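Okay, so here's the structure we're looking at.
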Amino acid sequence: MAGEAQLVGVPELQSTAASAEREKRRRRPFDGRSLLVTSFTIILLAFFLSPLLRTLSLSLKSADQITTIGAPIWPADPATFEWEGREYDVYVVPIEGTNRELALVDKGRQESGFIDPADPDAGIITWQGSWRALEQPWEFAPRWGNFAEVWTRINFPRLLFNTAALAAIGGLGTIVSCTLVAYGFARFRFRGRGFLFLLLLSTIFLPAAVTLIPTYTIFVNLGWVGTWLPLLVPAFFANAYDVFLLRQYFLTIPRELDDAAKIDGAGPFRILTSIIVPSSWPVIVAVAIFHLVYSWNLYFEPLIYLSTAPELAPIALGLSQFNNIYGSEPQYIQAATLMTIVIPMIIFVFAQRAFMRGIVITGVEK
């Protein structure tokens, strides 16, 4: 019976403690510092996102609104009203000390006739003055058709396919090659390992312009210019930055797991595929996202190697050509820009937890 009473009393004590904690939080005095930090964060976030919001707003505008002086910053059209089968512009008219939105149906130099959209049966309202001095109200009217127009004007599906193919194939090569190299530096002990790793990291500081002409000469002699091979083959030979990230993460995995696998008869490759890789998905996702962003923004190399094959161009090169052709129509340029960043943003949103975990561990713990 005593044990039952004790068991019954435990939930009651927990409930009482939880209630006391909630009451303590409710009575906690107001902390002005938290409000200040939150406000500063919101302001900083708004400042950071302002270019993106402006791009979105401009992509939904019409050409007439962009060229109209005094037009609002949001997508809008001048207000109109349909009366007796015709469409009339609406103006803000000062009448009897108040401003009313009326439709201009009879234009005149000294006096004009207006119709009240709220009560068109009341008849024409005569107003003394020049209607050209009146302001027009604007109505929210986003032009979603701008995106459809861009989709057809620059053959966006083809550019999207080319970019996705380059990112997927190159990403696969980068992950496989960099994982193998990083595994060798993290788990194997051999003479000159430190020097070789330092030599690999030193290639990060080598300017791309130094190797541009020799690399181009090699690809010309191989007959690869005009194909995707100059953009894809180097990805299968690793790079210093991703190797460094993967190696740092591999060092955080206990070696005891390797020893246990060796006792069970596992070889180096089996240890890599069964222990190292399954434990390293956060950093692998981070490397994949890094390569995706790199491939999505790739412009200079395609400009050099694919100038004779425009049908193989990625989206960055296609967008640059589109800007040169439709430079006088900024709404289409901004719409195309937004369409190019949608897929990387979606992928980052879904993979951000693994991405942040991989970056934090590789950059902090080791």
Side-chain angles (χ1 to χ4, degrees), residues 45 48-53 55-56 59 150 154 156-179 181-182 201 203-209 211-212 228 230-249 280-306 312-323 333-364:
L45 181 62
F48 180 77
L49 295 178
S50 58
L52 182 61
L53 295 177
T55 299
L56 176 61
S59 67
V150 171
I154 64 173
F156 199 83
R158 179 64 183 180
L159 294 175
L160 189 63
F161 172 79
N162 293 344
T163 308
L166 288 172
I169 299 174
L172 177 63
T174 298
I175 292 174
V176 172
S177 60
C178 292
T179 299
V181 175
L201 292 182
T203 60
I204 297 178
F205 305 99
L206 185 66
T211 60
L212 177 60
W228 282 349
L231 306 178
L232 295 178
V233 172
F236 287 83
F237 288 89
N239 64 85
Y241 184 76
D242 293 332
V243 168
F244 174 75
L245 286 180
L246 289 165
R247 173 186 175 272
Q248 295 302 99
Y249 196 97
S280 305
W281 281 118
V283 69
I284 293 176
V285 170
V287 170
I289 292 179
F290 279 135
H291 183 80
L292 172 68
V293 174
Y294 170 78
S295 300
W296 216 263
N297 296 325
L298 199 61
Y299 172 76
F300 186 67
E301 288 80 359
L303 181 64
I304 295 176
Y305 298 114
L306 299 179
L312 301 178
I315 202 166
L317 186 58
L319 184 61
S320 175
Q321 297 171 352
F322 179 79
N323 292 349
I333 295 177
Q334 300 302 324
T337 302
L338 285 177
M339 293 169 65
T340 60
I341 66 176
V342 167
I343 293 180
M345 288 181 62
I346 293 176
I347 293 177
F348 178 77
V349 167
F350 284 99
Q352 62 176 331
R353 293 184 61 184
F355 174 78
M356 296 304 297
R357 182 165 177 257
I359 294 300
V360 168
I361 293 179
T362 54
V364 176

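These numbers come from a predicted model, not from an experiment. Scope of the values below: all heavy atoms of this structure, side chains included, with no hydrogens, waters or symmetry mates.
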So, for [X] and [Y], which heavy atoms are closest and what is the spacing to 0.1 Å?
| X | Y | answer |
| --- | --- | --- |
| L56 | L338 | CA-CD1, 3.5 Å |
| A336 | V150 | CB-CG1, 3.6 Å |
| A182 | R247 | CB-N, 3.6 Å |
| L232 | G170 | CD2-N, 3.8 Å |
| V181 | A238 | CG2-CB, 4.0 Å |

Would you indicate whether the side-chain heavy atoms of [Y] and [X] approach each other to under 4.5 Å?
| X | Y | value |
| --- | --- | --- |
| D242 | T174 | yes |
| L306 | P314 | yes |
| L246 | S280 | no |
| I204 | F244 | no |
| I343 | L160 | yes |
| T340 | F156 | yes |
| V243 | Q248 | no |

>> Treating S177 as the side-chain partner and A235 as the backbone partner, does any N or O pair qualify as donor plus acceptor under 3.5 Å?
In response: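 It does hold such a pair.
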Drop me the distance from [X]'s [atom1] to [Y]'s [atom2], to the nearest 0.5 angstrom.
| X | Y | atom1 | atom2 | answer |
| --- | --- | --- | --- | --- |
| I315 | T337 | CD1 | OG1 | 9.5 Å |
| L292 | T163 | CG | OG1 | 10.0 Å |
| F290 | N239 | CZ | CG | 11.0 Å |
| W296 | M345 | CH2 | CE | 13.0 Å |
| W281 | I284 | CH2 | CD1 | 5.0 Å |
| L212 | I304 | CG | CD1 | 4.5 Å |

> L166 and L298: side chain to side chain contact (heavy atoms under 4.5 Å, CB included), yes or no, with the steps?
Replying inline: CA-CA 10 Å; L166 288 172; L298 199 61; 5.5 Å; no
> With T179, which residues qualify under side chain to side chain donor-acceptor pair (under 3.5 Å), at least two apart?
Replying inline: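 Result, side chain to side chain donor-acceptor pair (under 3.5 Å) vs T179: none returned.
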> Would you call the rings of F161 and W228 parallel, tilted or perpendicular if under 30° counts as parallel and over 60° as perpendicular?
Replying inline: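 Correct class here is tilted.
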>> Please evaluate residues L319 and I333 with respect to the criterion side chain to side chain contact (heavy atoms under 4.5 Å, CB included), reporting the C-alpha separation (whole Å), side-chain torsions for both, the decisive distance (0.1 Å), and the verdict.
In response: CA-CA 8 Å; L319 184 61; I333 295 177; 5.6 Å; no
